[in-house]
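It should be emphasised that the depicted structure is a prediction, and the values quoted were computed from it without experimental measurement. Proteins get letters first, then strands, A, B, ... in listed order; numbering begins at 1 in each. Note: hydrogens, waters and symmetry copies are ignored here, and every other heavy atom, side chains too, is used.
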Amino acid sequence: MYKFEYDLLGDSKRTAYIQDLSAGDEGKTKTIMGWVHTRRDMGNIIFINLRDVTGMVQVVFNPENGMQMHAKAHKLRNEYVVAVTGEVATRPKDMINEDMEKGDIEFIAKELKILNASDELPVQVNEKMSADEDLRLKYRYLDLRRPDLQKKIKLRHNIIFEMRKFLSNHKFYEIETPILMRSTPEGARDYLVPSRIYKGKFFALPQSPQIYKQLLMISGFDRYFQIAHCFRDEDLRADRQPEFTQLDLEMSFVQEEDVFQITEQLFQHIFKSTLDTDLPIPFPRIDYDEAMLKFGTDKPDLRFGLEIKDLTETLAESDFRVFSSVIKKGGVVRAINAKGCADYTRSEVDKLEHQAKELGAKGLARMRFQDEKLESNITKFFSEEEKGQIADILEAEEDDLLLFVADKEKIACKVLADLRNNLGKKLNLINEDEFNFVWVTNFPLFEWNGDEEKWETAHHMFTLPKEEDIPKLDEPDKYGEITGQLYDLVCNGVELSSGSIRCHIPEIQKKIFNVIGIEEEEINQRFGFFMKSFKYGTPPHGGIAPGIDRIVMLMSGADSIRDVIAFPKTLQATDIMSESPSEVDPDMLEELGIEISEIE
RNA sequence: GGGGGUGUAGUUCAGUUGGUUAGAACGUCUGCCUGUCACGCAGAAGGUCGCGAGUUCGAGUCCCGUCACUCCCGCCA
């Protein structure tokens with residue numbers, strides 16, 4: 001690297017952002033500051049593209065404008081930090097660069113200050129092609145300079161800004177809630193923070209501000225929101241980070257419909273103001289049961305059809321034992337029609353079957369519809385009537401490929417949902433520019449956990465059942481039939497928000513605790529303060545919590561949540577830039593009364 | 001906790017059946033070049049093939065282990 005003294009800012013003042021420069025400024029003297037994005041040194045005349053937070057412009061260093069300046073410009077390399085004073089000039093017609101936003105002008109340098117240099121770069125800033133993700137994360141501050149990521153982080157800012165604006169205009173107060181709070185063993189694993197003053201006791205970081213936002217309703221604030229940081233110590237995914245951000249909001253004196261409306265207007269506003277995209281509202285609604293039946297998932301991607309069909313009743317008496325025995329054991333037979341895929345090769349279909357097996361399926365039965373009839377090695381087991389019904393129900397047409405899964409309902413749903421998404425991509429049925437929103441409603445309040453032989457809440461334990469289902473809380477054989485006033489907002493198969501109308505009546509809340517096996521004593525111990533608050537005039541209330549990271553991911557077209565978070569964790573929940581988590585000074589542990597027993 | 005993928009120069013990648021001195025592009029360095037915009041031209045430096053052990057006359061390549069990143073299942077709204 002070339003060694004030299006840097007220039008200090010001295011009396012230099014930035015007088016323009018690059019975005020503000022235009023042909024109208026021709027001849028005006030400006031000072032711009034930023035990074036050398038690319039350089040083209042012709043020996044005499046030197047060009048650089050200078051980048052600041054707003055954009056990029058070509059700067060011209062001509063020896064005629066100062067030999068010393070020109071000699072200095074010769075030293076410039078990628079990512080050097082400079083201040084350039086010079087004149088805006090319009091480019092002659094034949095020199096306009098159509099690919100550059102500021103390609104019609106250039107900046108004629110008169111004075112150059114090199115404010116800082118850069119070592120050889122571990123990740124290139126000026127190339128679209130990005131480096132391995134671990135390198136990008138290690139040098140995140142360089143990665144973030146790339147125009148692509150700058151754009152995503154700026155979009156994130158704009159989205160959050162518009163959320164604040166919209167909600168503030170709709171009588172919501174932004175109120176912060178504690179980061180250090182009481183641990184609740186339900187749901188996700190807590191991140192714990194030891195207390196120094198009370199050795200052996202711990203705070204937890206919030207999984208969500210759920211209890212606090214309900215307390216704010218009880219406090220009479222009527223409408224609350226918060227850009228809330230949430231923490232869950234669970235394993236990561238492409239769309240899941242251990243710390244993430246939710247737009248947490250809650251409203252008093254509302255029912256589901258009110259939450260839907262404000263949320264729809266909010267999303268409409270955000271999309272219009274940041275992407276200039278018109279979202280039609282209201283969003284369609286689909287029942288949980290219907291979503292599971294037709295799409296196999298509670299977060300269906302409705303940008304394409306390929307609905308799953310149920311054949312359980314049709315084939316209950318079939319001679320094909322693989323199907324009928326599953327049905328006798330309480331399982332289901334469901335199928336999907338891969339339109340026009342009859343020409344798939346053996347290996348292509350085997351690949352689909354392999355994926356199905358990875359999700360727990362025992363196999364993937366298949367039939368082709370060709371020459372107006374079903375063909376496969378298993379068709380001989382079915383009567384003509386059954387074959388006719390299969391073809392009817394699946395709306396089979398010439399050259400279709402029918403794929404069947406016979407299994408427990410849960411597995412059949414999972415496998416076919418995965419298959420459906422795969423086929424949607426493979427068959428090019430997905431319009432990548434579309435934002436297809438849908439409310440998934442009428443979730444069951446409880447789910448049976450077969451492994452632990454107990455009921456669990458499907459969402460969280462503070463959800464109010466549908467009013468007509470409240471009596472069923474006293475009938476143990478009907479727990480599974482209780483529908484909760486809870487709802488998810490799904491877009492393009494991504495769960496963007498989740499919310500519910502909360503239980504504001506202590507007696508009902510206690511019954512819910514009882515169903516999931518939390519007894520009186522435990523209630524008092526863990527939620528005593530919360531249950532007590534219900535006794536002093538709790539308004540009916542409910543809310544929703546849109547996941548901001550996922551929203552930005554969707555709106556920016558990012559493949560990973562990491563691309564819309566400035567400093568994300570890796571899949572192993574570490575930060576490779578700061579190398580955390582890390583060991584700490586033994587003195588600190590001692591002060592906390594913590595002893596590390598063994599490290600595997 | 002389980003399964004899949006990746007790991008070779010600063011970076012992105014190629015590297016045949018196990019066989020001489022591990023290649024290319026970009027970046028870096030030196031020289032030339034006054035209108036380039038992915039500038040061009042000539043040259044140079046740059047490698048613990050993730051790490052460890054093994055098979056072999058010989059390993060980037062094969063076997064085993066291990067680490068890191070990534071995708072998925074479990075887990076988690």
Side-chain angles (χ1 to χ4, degrees), chain A residues 1-2 37-50 56-65 70 74 77-79 89 91-92 94-100 102-103 106 108 118-139 142-143 186-190 207-208 210 230-242 244 246 298-299 354-355 357-360 411 414-415 418 440 443 447 451 457-460 463 486-490 494-500 544-547 550 559-560 562 569-572 574 576 579:
Chain A
M1 200 191 86
Y2 204 95
H37 193 69
T38 55
R39 69 182 174 106
R40 293 173 293 281
D41 187 339
M42 318 299 291
N44 247 320
I45 195 163
I46 298 168
F47 302 97
I48 65 166
N49 284 353
L50 187 71
M56 202 128 66
V57 71
Q58 171 163 282
V59 178
V60 186
F61 297 96
N62 195 317
E64 290 163 12
N65 291 320
H70 179 265
H74 189 64
R77 294 294 180 273
N78 286 345
E79 298 309 307
R91 296 203 204 179
D94 56 333
M95 286 183 205
I96 289 175
N97 184 344
E98 301 285 352
D99 299 329
M100 230 175 134
K102 296 286 172 192
E106 57 190 7
I108 312 297
S118 168
D119 281 355
E120 196 175 339
L121 295 161
V123 294
Q124 298 302 320
V125 175
N126 60 15
E127 285 179 13
K128 279 229 169 73
M129 181 175 54
S130 56
D132 258 10
E133 195 155 5
D134 49 345
L135 255 191
R136 291 176 47 200
L137 290 177
K138 187 171 178 185
Y139 298 95
L142 292 179
D143 195 31
E186 273 71 31
R189 212 173 281 120
D190 279 329
Q207 293 177 26
S208 80
Q210 185 62 35
C230 305
F231 305 85
R232 288 174 192 161
D233 189 3
E234 296 293 345
D235 287 349
L236 290 78
R237 288 286 187 281
D239 61 353
R240 242 162 59 190
Q241 283 271 305
F244 59 99
Q246 286 188 336
D298 59 2
K299 41 183 177 181
H354 180 73
Q355 283 171 303
K357 281 181 172 170
E358 279 183 345
L359 292 177
I411 290 177
K414 192 164 52 165
V415 170
D418 182 65
V440 182
F443 280 75
E447 276 172 358
D451 293 338
T457 46
H459 180 76
H460 65 60
T463 299
L486 63 101
Y487 35 82
D488 281 358
L489 181 59
V490 173
V494 177
E495 182 196 310
L496 282 191
S497 313
S498 191
S500 68
I544 191 165
R550 287 187 186 171
D559 295 322
S560 162
R562 291 184 295 274
K569 301 278 187 287
T570 68
L571 272 197
Q572 330 305 325
T574 64
I576 34 188
E579 297 182 316

- Paired to rG40(B) by Watson-Crick or G-U wobble criteria (both distances under 3.5 Å) is rC32(B)
- Determine yes or no for a side-chain-to-main-chain donor-acceptor pair under 3.5 angstrom, with Arg39(A) supplying the side chain and Arg77(A) the backbone. no
- Give a yes or no answer on whether the side chain of Arg550(A) reaches the backbone of Glu495(A) with a donor-acceptor pair at less than 3.5 Å. yes
- Is any side-chain heavy atom of Phe61(A) less than 4.5 Å from a side-chain heavy atom of Ile48(A)? yes
Can you say whether a donor on the side chain of [X] sits under 3.5 Å from an acceptor on the base of [N], or the other way round?
X         : N       : answer
Asp235(A) : rG74(B) : yes
Glu358(A) : rG3(B)  : no
Gln58(A)  : rU36(B) : yes
Arg232(A) : rC76(B) : no
Arg40(A)  : rC33(B) : no
Asp134(A) : rC69(B) : no
Glu106(A) : rG35(B) : yes
Arg77(A)  : rC29(B) : no

- Task: Search all heavy atoms of Glu106(A) against all heavy atoms of Val57(A) and return the closest pair with its distance.
- Result: CA-CG2, 4.4 Å
- Task: Considering non-hydrogen atoms only, spot the tightest contact between Pro122(A) and Leu135(A) and give its length.
- Result: O-CD1, 3.9 Å
Among [options], the one nearest [X] by side-chain distance:
X         : options                   : answer
Gln124(A) : rA77(B), rG27(B), rU70(B) : rG27(B)
Leu571(A) : rG74(B), rC71(B), rU28(B) : rC71(B)
Glu133(A) : rC69(B), rG10(B), rC75(B) : rC69(B)
Met42(A)  : rC73(B), rU12(B), rU34(B) : rU34(B)
Val60(A)  : rU12(B), rG74(B), rG35(B) : rG35(B)
Thr38(A)  : rU28(B), rC39(B), rG35(B) : rC39(B)
Glu495(A) : rU34(B), rC37(B), rA77(B) : rA77(B)
Asp132(A) : rC69(B), rA77(B), rU12(B) : rU12(B)
Ala131(A) : rC73(B), rU12(B), rG35(B) : rU12(B)
His459(A) : rA77(B), rU12(B), rU28(B) : rA77(B)

So [X], base contact, sugar-phosphate only, or nothing? Heavy-atom distance under 4.0 Å.
X         : result
Gly187(A) : sugar-phosphate
Arg562(A) : sugar-phosphate
Ile46(A)  : nothing
Lys102(A) : nothing
Leu359(A) : sugar-phosphate
Ala545(A) : nothing
Arg550(A) : nothing

Can you check the distance between [N] and [M], where both ends of the measurement are the [atom1] atom (answer in whole Å)?
N       : M       : atom1 : answer
rG54(B) : rU61(B) : P     : 14 Å
rG60(B) : rA14(B) : C1'   : 12 Å
rU17(B) : rU11(B) : P     : 28 Å
rG7(B)  : rG52(B) : C1'   : 16 Å
rU16(B) : rA22(B) : P     : 15 Å
rU21(B) : rG58(B) : P     : 15 Å

- Message: Tell me whether the count of non-hydrogen atoms from other residues, nucleotides or ligands lying under 6.0 Å of NZ in Lys102(A) goes above 12.
- Response: yes
Rounded to whole angstroms, how far apart are [atom1] on [X] and [atom2] on [N]?
X         : N       : atom1 : atom2 : result
Asp239(A) : rC72(B) : CG    : C1'   : 11 Å
Asp94(A)  : rC37(B) : CG    : P     : 13 Å
Ile576(A) : rC67(B) : CD1   : C1'   : 13 Å
Asn126(A) : rC39(B) : CG    : C1'   : 14 Å
Leu489(A) : rA77(B) : CG    : C1'   : 13 Å
Leu137(A) : rU70(B) : CG    : P     : 7 Å
Leu135(A) : rG50(B) : CG    : P     : 15 Å
Asn62(A)  : rU34(B) : CG    : P     : 11 Å

- Message: Any carboxylate oxygen within less than 4.0 angstrom of a Lys/Arg side-chain nitrogen, looking at Lys299(A) and Asp488(A)?
- Response: no
- Note on the structure: Judged by nearest nucleotide, the residue sitting upstream toward the 5' end of RNA chain B, Thr574(A) or Met100(A), is Met100(A)
- Task: Specify the residue among Ile96(A) and Leu121(A) whose closest nucleotide of RNA chain B lies further upstream toward the 5′ end.
- Result: Leu121(A)
- Task: Could you give me the CA-CA distance, side-chain angles and deciding distance for Asn65(A) and His70(A), then say whether side chain to side chain donor-acceptor pair (under 3.5 Å) is met?
- Result: CA-CA 8 Å; Asn65(A) 291 320; His70(A) 179 265; over 6 Å; no
